[in-house]
Number of protein chains: 2
Amino acid sequence: MSKLATNRPTMNDVAAAAGVALKTVSRVVNDEPGVNPATADKVKAAIDALGFRRNDGARTLRRGHTASIGVVVRDLADPFYSTLTRAVEEVALTHGFLVFTGSSDESPSRQRELALAFCARRVDGVVIVPVGEDHLYLQPEIAAGVAAVFVDRPAANLDADAVLVDNVGGVRKGIEHLLAHGHRRIGFLGDAPDIFTAGERVRGYREALTSAGHIIDPSLISMASPTRAAVRAALDRMLGGPSPATALFTGNSRVTVAVLRELAEPPPEHVKRRRPALVGFDDFEVADLLSPAVTVIAQDPARIGRAAAELLFRRMENKNREVVRRELPTRLIVRGSGEMPP
Amino acid sequence: MSKLATNRPTMNDVAAAAGVALKTVSRVVNDEPGVNPATADKVKAAIDALGFRRNDGARTLRRGHTASIGVVVRDLADPFYSTLTRAVEEVALTHGFLVFTGSSDESPSRQRELALAFCARRVDGVVIVPVGEDHLYLQPEIAAGVAAVFVDRPAANLDADAVLVDNVGGVRKGIEHLLAHGHRRIGFLGDAPDIFTAGERVRGYREALTSAGHIIDPSLISMASPTRAAVRAALDRMLGGPSPATALFTGNSRVTVAVLRELAEPPPEHVKRRRPALVGFDDFEVADLLSPAVTVIAQDPARIGRAAAELLFRRMENKNREVVRRELPTRLIVRGSGEMPP
DNA sequence: CTGAAAGCGCTTACAG
DNA sequence: CTGAAAGCGCTTACAG
């Protein structure tokens with residue numbers, strides 16, 4: 001591509017038009033003190049006449065920081081991550097920062113490319129929902145001064161700031177709730193076991209049952225991506241046998257919705273199902289309008305995003321402060337589905 | 001702030017370490033042809049040893065374009081806008097572009113500041129969900145070469161590319177559906193009348209009724225932000241009178257959900273309500289799981305975002321092509337709530 | 001195949 | 001209060 005058609009005026013052009021030096025224009029543009037009001041007026045007039053707007057890219061190059069951050073989530077279209085990102089944006093704006101966003105789609109290489117592309121633009125910090133086993137590629141960036149905060153999951157092999165959720169405690173709370181309502185056969189439908197949160201949550205399930213003196217029945221645990229087929233198979237197994245589960249715990253909102261959708265279908269002829277009690281991890285829109293309304297262990301994605309952003313800005317201020325790992329609580333929201341008797 | 005602690009190696013450092021000229025490093029980094037393989041290897045070794053990573057900000061300054069775009073939506077936490085943004089991101093990535101995002105919160109000044117901040121970073125293009133009456137502030141940016149595409153709503157006073165939805169046609173389809181099921185008293189619950197889409201949609205309502213030879217009853221129209229109080233008042237009026245509405249059309253998913261929530265409450269004592277039929281504009285998660293499942297006029301936010309991004313990249317390629325205004329169709333999804341008899 | 005110089009549009013560090 | 005020079009880290013345009 002040859003010289004662009006863009007023909008933006010520069011500080012130099014403004015200076016020429018106003019009959020002053022470049023530096024004086026810079027002073028006026030940046031509201032630096034000590035400019036003669038009459039001179040400033042001349043400069044301002046020239047700025048308006050030419051339609052000058054400072055090139056922040058040039059400014060950035062000279063100053064060494066860009067006042068921008070990058071956010072890499074799993075999927076910006078997912079309400080959990082979009083709400084989280086929006087909260088980061090809000091904090092960033094407070095500091096006068098702009099934010100790049102990107103979705104990794106759970107692909108380690110795509111995440112890496114996004115994060116490094118942001119770093120190549122010299123963002124001052126990154127907020128990352130980590131994917132995959134290896135995050136050492138970020139080490140040089142961090143060493144070079146990029147602040148990094150991991151969110152929702154810890155970085156695999158990097159000692160860095162992180163904002164997590166009390167997954168284990170949250171699930172325990174949900175399972176204990178079902179136990180308190182008399183359930184003893186409780187099925188757990190999680191997600192792919194390599195996802196950090198999925199592992200933590202099934203751990204919470206096991207701990208809750210074991211602590212209460214119950215035996216873990218492996219046939220009541222399903223750890224798979226919530227495809228239609230996987231969910232159907234798991235439900236048939238858990239609800240169709242001679243000693244069926246009377247309650248289910250679903251490990252995230254995608255699973256919850258998939259299960260609800262499956263329960264809404266008539267079961268195969270040879271299977272007889274009773275509607276099980278249900279508690280789901282993650283709140284979701286109109287969970288309260290379903291019948292029965294869905295009892296959930298709610299996370300607070302906006303709070304998570306805010307916490308991550310605040311940690312990021314604190315890290316930018318002081319690269320040497322010790323690494324922080326915050327764990328945010330969950331909240332049981334009782335709505336009906338989790339209070340049905342066995 | 002003084003000199004930053006960041007101590008990144010530059011091409012100059014690499015050149016010194018490899019014993020070549022700066023330009024040769026540039027050639028290697030950019031995969032330019034015509035470098036002696038042995039020289040290239042020396043340079044690559046130096047790059048690895050120093051952990052060099054090109055500063056894209058500097059590159060950008062010299063080349064005149066940044067390979068980045070800005071997206072300003074109403075609220076990134078809203079599934080409609082986050083899905084739209086995600087689709088824009090996808091197209092951008094295909095072109096090797098990065099994307100800044102921002103939420104205007106329906107504030108004209110905040111939108112303006114975000115858009116101009118993106119332009120100050122010299123993004124090559126912006127996708128904007130416009131708010132407010134005045135978008136002339138973008139005129140100089142567009143003149144200076146920034147591509148701009150408006151989405152969901154047209155720019156108030158600027159002749160620019162836009163991707164809209166056939167709001168009028170969509171609502172007409174919904175109202176005609178209710179008419180075909182025998183309804184004659186159909187209430188319309190919209191949104192604040194200064195929102196473009198709200199205006200278009202109520203127009204569709206009027207047109208559908210008029211075309212079918214029916215009279216418009218103003219008491220069956222409510223144009224207000226869907227606060228709890230406003231929705232309740234509108235429902236009491238529309239459903240509580242001597243000649244109540246037998247069906248409702250809701251103008252967007254926020255309204256739909258607010259109405260459903262209100263209908264789930266027991267009505268005030270002196271009001272007796274029948275459950276009205278319902279068709280809503282916008283699809284939403286688990287609309288199919290409610291009882292009755294909710295019939296909607298669905299938009300396709302991913303398609304809208306994709307169309308906007310594609311238009312943007314075409315505009316970047318040719319600043320002089322004529323202004324395009326695309327209007328995307330809607331789809332009626334029949335689920336039950338819209339097929340209930342009067 | 002390789003390199004020295006100029007310049008992108010600003011800010012920094014000084015000098016007057 | 002104002003300005004001339006250098007430099008941020010690259011690419012462009014040339015020269016050898």
Side-chain angles (χ1 to χ4, degrees), chain A residues 1-43 46-47 50-67 119-122 124 144-145, chain B residues 1-43 46-47 50-67 119-122 124 144-145:
Chain A
M1 202 176 301
S2 68
K3 175 121 186 164
L4 290 187
T6 83
N7 192 20
R8 290 191 177 264
T10 68
M11 282 191 179
N12 235 323
D13 300 327
V14 175
V20 299
L22 171 60
K23 177 62 202 177
T24 299
V25 177
S26 174
R27 286 200 178 90
V28 172
V29 169
N30 295 305
D31 285 320
E32 284 173 36
V35 178
N36 182 313
T39 312
D41 285 345
K42 268 195 307 186
V43 171
I47 287 175
L50 297 176
F52 169 80
R53 217 97 81 172
R54 182 179 64 201
N55 181 332
D56 281 351
R59 169 173 229 237
T60 266
L61 177 60
R62 191 62 245 254
R63 302 192 75 185
H65 63 271
T66 57
C119 289
R121 301 300 178 100
R122 295 295 185 265
D124 301 312
Chain B
M1 205 177 300
S2 69
K3 175 122 186 164
L4 291 186
T6 84
N7 192 22
R8 291 195 177 261
T10 68
M11 282 193 179
N12 235 323
D13 300 327
V14 175
V20 299
L22 170 60
K23 176 63 204 176
T24 299
V25 177
S26 174
R27 286 199 178 90
V28 173
V29 169
N30 294 307
D31 285 320
E32 284 173 37
V35 177
N36 183 312
T39 313
D41 285 346
K42 268 195 309 186
V43 171
I47 286 175
L50 296 176
F52 169 80
R53 217 97 82 173
R54 182 179 63 200
N55 181 332
D56 281 351
R59 169 173 228 236
T60 267
L61 177 60
R62 191 60 245 254
R63 301 192 76 186
H65 63 270
T66 56
C119 290
R121 301 297 179 101
R122 294 297 184 263
D124 301 312

> Can you tell me if the side-chain N/O atoms of B/Asn30 get under 4.0 Å from OP1 or OP2 in D/dT11?
Replying inline: yes
> What's the CZ-C1' distance between A/Arg62 and C/dT11, to the nearest Å?
Replying inline: 5 Å
>> With hydrogens left out and only the distance checked, is there a donor-acceptor pair under 3.5 Å joining B/Arg27's side chain and the base of C/dG3?
In response: yes
> Within the pair A/Arg59 and C/dT11, is there a side-chain N or O less than 4.0 Å away from OP1 or OP2?
Replying inline: yes
> Where is the tightest heavy-atom contact between A/Thr24 and A/Thr39, given as atom of each residue plus distance?
Replying inline: CG2-CG2, 3.9 Å
> B/Asp56 and side chain to side chain donor-acceptor pair (under 3.5 Å): which partner among B/Arg54, B/Arg53, B/Arg59?
Replying inline: B/Arg54
>> Between B/Arg121 (side chain only) and B/Thr66 (backbone N and O only), is there a donor and an acceptor less than 3.5 Å apart?
In response: no
> Would you say A/Arg63 reaches D/dC8's phosphate, i.e. side-chain N/O to OP1/OP2 under 4.0 Å?
Replying inline: no
>> Please classify the nucleic acid contact of B/Val29 as base, sugar-phosphate, or nothing, using heavy-atom distances under 4.0 Å.
In response: nothing
> Between B/Asn36 (side chain) and B/Ala38 (backbone), is there a donor-acceptor pair under 3.5 Å?
Replying inline: yes
> Short question: side chain of A/Asn55, backbone of A/Gly57 - any donor-acceptor pair under 3.5 Å?
Replying inline: yes
>> Rounding to an integer number of Å, can you tell me how far A/Lys23 NZ sits from C/dG9 P?
In response: 18 Å
> Of all the nucleotides listed (D/dT11, D/dG3, C/dT2), which has the minimum atom distance to the side chain of B/Asn36?
Replying inline: C/dT2
> Over how many whole Å does the gap from A/Glu32 atom CD to D/dT2 atom C1' extend?
Replying inline: 12 Å
>> For a quick test of reading the model: is some side-chain N or O of A/Thr39 closer than 4.0 Å to OP1 or OP2 of D/dT2?
In response: yes
>> For a quick test of reading the model: is some side-chain N or O of B/Thr24 closer than 4.0 Å to OP1 or OP2 of C/dG3?
In response: yes
> A/Leu61 side chain: which of D/dC10, C/dT12, D/dG9 is closest?
Replying inline: D/dG9
>> By the 4.0 Å heavy-atom rule, please label B/Ala21 as base, sugar-phosphate, or nothing.
In response: sugar-phosphate
>> Both A/Pro33 and A/Leu22 contact DNA chain D. Taking the nearest nucleotide for each, which residue is further toward the 5' end?
In response: A/Pro33
>> At less than 4.0 Å, is any side-chain N or O atom of B/Ser26 found next to OP1 or OP2 of D/dC10? Yes or no.
In response: no
> How long is the line joining CE of B/Met11 and C1' of D/dT11, in whole Å?
Replying inline: 8 Å
>> Looking at C/dG16, which nucleotide sits across from it as a Watson-Crick or G-U wobble partner, both distances under 3.5 angstrom, or is there none?
In response: D/dC1
